[in-house]
Amino acid sequence: MKSMIALALAGVVVMSTPVIVEAANINASKNAAIYGTYNGVKLNDGVTIYDNAPKALFAGAGKTDVKTALMQAGISRADVYTLNIKNNNEMNYAVFSNTMVSENHNLVSTKHVSTDASDVGNFVASINSGKATELGQYQVVTPLTKHNKVYVGVLKYTSKDNNNSYNEILHVAVTETKNTGLNARFITIDEESDAKVFPRVSHLLSIK
């Protein structure tokens with residue numbers, strides 16, 4: 001079950017077709033470019049980044065690849081990658097998304113009134129209140145709060161297939177700058193692997 005979950009996160013979140021999922025993931029890995037750095041910053045030992053088309057529950061409920069789902073939500077730019085995290089003979093997977101949010105996005109409802117009336121304040125308030133409808137149905141594990149100039153938080157997604165339940169953890173970081181506007185980064189990891197995987201890739205949420 002654990003290996004099937006990892007494959008599903010890196011390829012297609014479809015628990016009922018593990019053979020197809022595994023084949024798709026292997027083919028994607030063979031055809032994808034593999035890097036040990038991101039934006040010139042070296043990744044931690046054992047971590048590589050694949051430029052392919054992963055899927056995740058927060059983007060279109062895993063029915064389409066993350067980049068397509070985000071672009072359909074009005075994002076102006078979405079760079080999406082699969083992360084492979086190797087520890088001895090164990091391999092885990094995560095999905096990393098770096099997005100530039102346009103003014104006309106549908107990613108969250110910016111009509112929500114917050115104490116911070118800025119774009120980033122409304123964006124964060126919408127996520128924390130559960131009104132980020134384009135992000136699907138989620139549970140707020142840790143509300144987004146401001147640390148220095150970055151809002152960070154954690155969401156949880158659940159997919160049920162018959163009697164099986166699959167959970168993904170979504171780590172979110174939101175910033176706003178004069179030059180690029182609103183920027184949102186996401187790291188998606190299956191819940192079973194999150195505690196050991198996230199510390200090794202968490203710096204991707206802050207790399208410029």
Side-chain angles (χ1 to χ4, degrees), residues 5-6 8-9 13 15 54-67 69-75 78 80-81 83 92-103 105-161 164-176 181-207:
I5 289 175
L9 179 58
V13 184
M15 305 301 288
K55 299 184 179 183
L57 294 179
F58 85 95
K63 296 178 181 179
T64 185
D65 67 273
V66 173
K67 183 170 183 176
L70 290 174
M71 296 302 289
Q72 289 175 346
I75 299 300
V80 183
Y81 308 90
L83 301 172
N92 296 112
Y93 302 91
V95 175
F96 170 57
S97 312
N98 182 11
T99 69
M100 187 180 296
V101 183
S102 68
E103 293 181 359
H105 69 86
N106 296 315
L107 191 59
V108 304
S109 171
T110 54
K111 295 179 181 179
H112 182 80
V113 178
S114 68
T115 54
D116 178 356
S118 66
D119 287 343
V120 67
N122 283 323
F123 190 91
V124 167
S126 293
I127 293 176
N128 287 345
S129 65
K131 295 184 178 181
T133 55
E134 289 295 333
L135 291 176
Q137 298 298 315
Y138 59 89
Q139 171 188 347
V140 178
V141 177
T142 305
L144 274 72
T145 54
K146 195 171 185 178
H147 298 266
N148 295 322
K149 297 181 179 181
V150 183
Y151 289 86
V152 294
V154 181
L155 311 179
K156 178 179 178 178
Y157 289 79
T158 300
S159 176
K160 293 184 179 180
D161 179 34
N164 296 319
S165 179
Y166 169 63
N167 299 317
E168 282 182 2
I169 300 299
L170 181 65
H171 298 269
V172 184
V174 180
T175 57
E176 186 175 32
L182 198 60
N183 178 270
R185 296 190 179 198
F186 309 97
I187 294 180
T188 311
I189 309 170
D190 71 274
E191 186 178 39
E192 185 179 354
S193 306
D194 183 68
K196 57 186 173 183
V197 169
F198 183 65
R200 300 184 63 187
V201 297
S202 60
H203 63 295
L204 286 171
L205 291 179
S206 58
I207 292 177

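Note that the numbering runs from 1 along the sequence shown for the chain. Source: prediction; values computed, not measured.
- In this structure, Val95 and Lys55 approach most closely via the heavy-atom pair CG2-O, 4.0 Å.
- Taking the six-membered ring where tryptophan is involved, the planes of Tyr157 and Tyr138 are tilted, since the angle between them lies from 30° to 60°.
- Residues Ile189 and Ala94 approach most closely at CG1-CB, 3.7 Å, considering heavy atoms.
- Nearest heavy atoms, Ile127 versus Val140: O-CG2, 3.9 Å.
- Legend: residues meeting side-chain contact (heavy atoms from CB on, under 4.5 Å) with Thr64, ordered by chain and number and at least two apart, are Thr68, Ala69.
- Among residues two or more places apart in sequence or in another chain, the salt bridge (charged side-chain N to carboxylate O under 4.0 Å, His left out) test is passed with Lys67 by none.
- Aromatic ring orientation, His171 versus Phe198: parallel (interplanar angle below 30°, classes split at 30° and 60°).
- Scanning all heavy atoms of the two residues, the minimum distance from Glu168 to Phe58 falls at OE1-N, 4.4 Å.
- The two residues Lys160 and Ser165 make their nearest non-hydrogen contact at CG-OG, 4.2 Å.
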| task | Could you give me the CA-CA distance, side-chain angles and deciding distance for Asn183 and Asn98, then say whether side chain to side chain contact (heavy atoms under 4.5 Å, CB included) is met? | result | CA-CA 8 Å; Asn183 178 270; Asn98 182 11; 3.1 Å; yes
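- Across every non-hydrogen atom of Thr99 and Ala184, the tightest pair is OG1-O, 2.7 Å.
- Between Pro54 and Tyr93, the closest side-chain pair of non-hydrogen atoms is not below 4.5 Å.
- No side-chain heavy atom of Thr188 sits less than 4.5 Å from a side-chain heavy atom of Val66.
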| field | Asp190/Asn92 under side-chain hydrogen bond (donor to acceptor under 3.5 Å, both in side chains): CA gap, chis, key distance, verdict | value | CA-CA 9 Å; Asp190 71 274; Asn92 296 112; 5.2 Å; no
